[in-house]
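All ligand and atom numbering here is 1-based and tracks the order in the structure. Values below: every heavy atom of this structure, side chains too, minus hydrogens, waters and symmetry copies.
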Amino acid sequence: MATIFEKIIKRELPSHIHYEDEEVICIDDKYPQAPIHFLVITKKVIPSIHELESSDYYLLGKIFDVIKSMTVKLGIEDSYRVLTNHGSQAGQTVPHLHFHVLGGGKLGAKGIK
Ligand code: AMP
């Protein structure tokens, strides 16, 4: 079954897209946990960081390039948090690799979930 993020990539679900290329898409989180909360999602469906293989590692560089440029674009480059969840006990709800980026205000100690 397609993940929510696959449906967003295919435009079957609406989202606010900040950036997109062949490998990643960057969208606003629908339920933001900070004044600015966006997601950088791989287009390749990898369930989480735990399933990343060495042949996928180039995607991490791409993801962090996008994170850096998006934080500058959104004016939060001085302070932000990046996190990814693996497994339900850690709070993962969508089994499709994505990194949360939170900023724009004082963040709590724990991040999300
Ligand atoms: P995680 O819980 O770490 O797997 O992160 C999944 C994130 O996807 C959560 O922060 C949700 O708020 C977010 N989310 C769920 N549905 C949507 C959607 N349709 N558009 C954008 N973000 C979503």
Side-chain angles (χ1 to χ4, degrees):
M1 204 172 84
T3 67
I4 288 171
F5 296 154
E6 283 177 275
K7 291 180 183 169
I8 285 172
I9 291 163
K10 289 182 188 157
R11 308 300 198 267
E12 292 169 6
L13 281 177
S15 69
H16 180 173
I17 300 173
H18 286 289
Y19 174 82
E20 180 175 26
D21 62 27
E22 306 80 53
E23 283 138 358
V24 300
I25 187 167
C26 174
I27 63 169
D28 275 336
D29 196 292
K30 191 174 178 181
Y31 306 103
Q33 306 289 311
I36 290 176
H37 183 179
F38 62 86
L39 305 170
V40 182
I41 303 163
T42 54
K43 288 196 168 174
K44 179 175 177 182
V45 183
I46 300 167
S48 80
I49 40 165
H50 199 73
E51 289 78 23
L52 265 178
E53 299 189 358
S54 52
S55 57
D56 297 319
Y57 287 173
Y58 73 98
L59 289 170
L60 294 173
K62 166 57 76 81
I63 287 164
F64 281 90
D65 272 352
V66 172
I67 288 172
K68 186 171 177 179
S69 59
M70 280 304 309
T71 58
V72 171
K73 191 172 166 187
L74 296 174
I76 60 165
E77 69 272 24
D78 287 346
S79 192
Y80 59 89
R81 178 174 297 157
V82 178
L83 65 86
T84 189
N85 294 315
H86 164 63
S88 58
Q89 295 295 304
Q92 187 178 16
T93 56
V94 182
H96 182 151
L97 183 63
H98 57 283
F99 285 75
H100 298 258
V101 182
L102 302 111
K106 179 86 177 153
L107 302 177
K110 285 191 174 170
I112 68 164
K113 297 169 190 166

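For the pair Asp29 and ligand 1, the shortest N or O to N or O distance falls below 3.5 Å. Distances between N or O atoms of Ile4 and those of ligand 1 include no value under 3.5 Å. Considering backbone and side-chain atoms together, His100 places an N or O closer than 3.5 Å to an N or O of ligand 1.
To the nearest 0.5 Å, atoms CG (Leu60) and CG (Leu52) are separated by 5.0 Å.
When the options His16, Lys30, Lys7 are ranked by their closest heavy atom to atom 21 (C) of ligand 1, first place goes to Lys30. Between the choices Asn85, Ile27, Ile8, the shortest heavy-atom distance to atom 3 (O) of ligand 1 belongs to Asn85.
Proximity to Tyr31 (heavy-atom distance under 4.0 Å) selects the following atoms of ligand 1: 12 (O). Those atoms of ligand 1 with a heavy atom of Thr93 less than 4.0 angstrom away are 1 (P), 2 (O), 4 (O), 5 (O), 6 (C).
For Asp28, every heavy-atom contact with ligand 1 shorter than 4.0 Å involves the backbone, none the side chain. For Phe38, no heavy-atom contact with ligand 1 is shorter than 4.0 Å.
Within the structure, the closest approach of His98 to ligand 1 falls below 4.0 Å when heavy atoms are considered. Ligand 1 does not have Ser15 within reach: every non-hydrogen atom of the residue lies 4.0 Å or more from it. Ligand 1 lies less than 4.0 angstrom from a heavy atom belonging to Val94.
Side-chain contact, Asp29 with Tyr31: no donor N or O sits under 3.5 Å from an acceptor N or O.
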Item to complete: Determine, stepwise, if the pair Asp28 / His18 fulfils side chain to side chain donor-acceptor pair (under 3.5 Å).
Response: CA-CA 7 Å; Asp28 275 336; His18 286 289; 2.7 Å; yes

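Around CD of Glu12, the count of heavy atoms belonging to other residues, nucleotides or ligands within 6.0 Å exceeds 12.
Annotation: side-chain contact (heavy atoms from CB on, under 4.5 Å) contacts of Ile17 (sequence neighbours excluded): Arg11, Ser15, Glu20, Ile25, Ile27.
Paired with Val101 under the rule side-chain contact (heavy atoms from CB on, under 4.5 Å), one option of Val82, Leu39, Leu83 passes, and it is Val82.
Checking side-chain atoms of Lys43 against main-chain N and O of Asp21 turns up a donor-acceptor pair under 3.5 Å.
In this structure, Glu23 pairs ionically with Lys62, as a charged nitrogen and a carboxylate oxygen lie closer than 4.0 Å.
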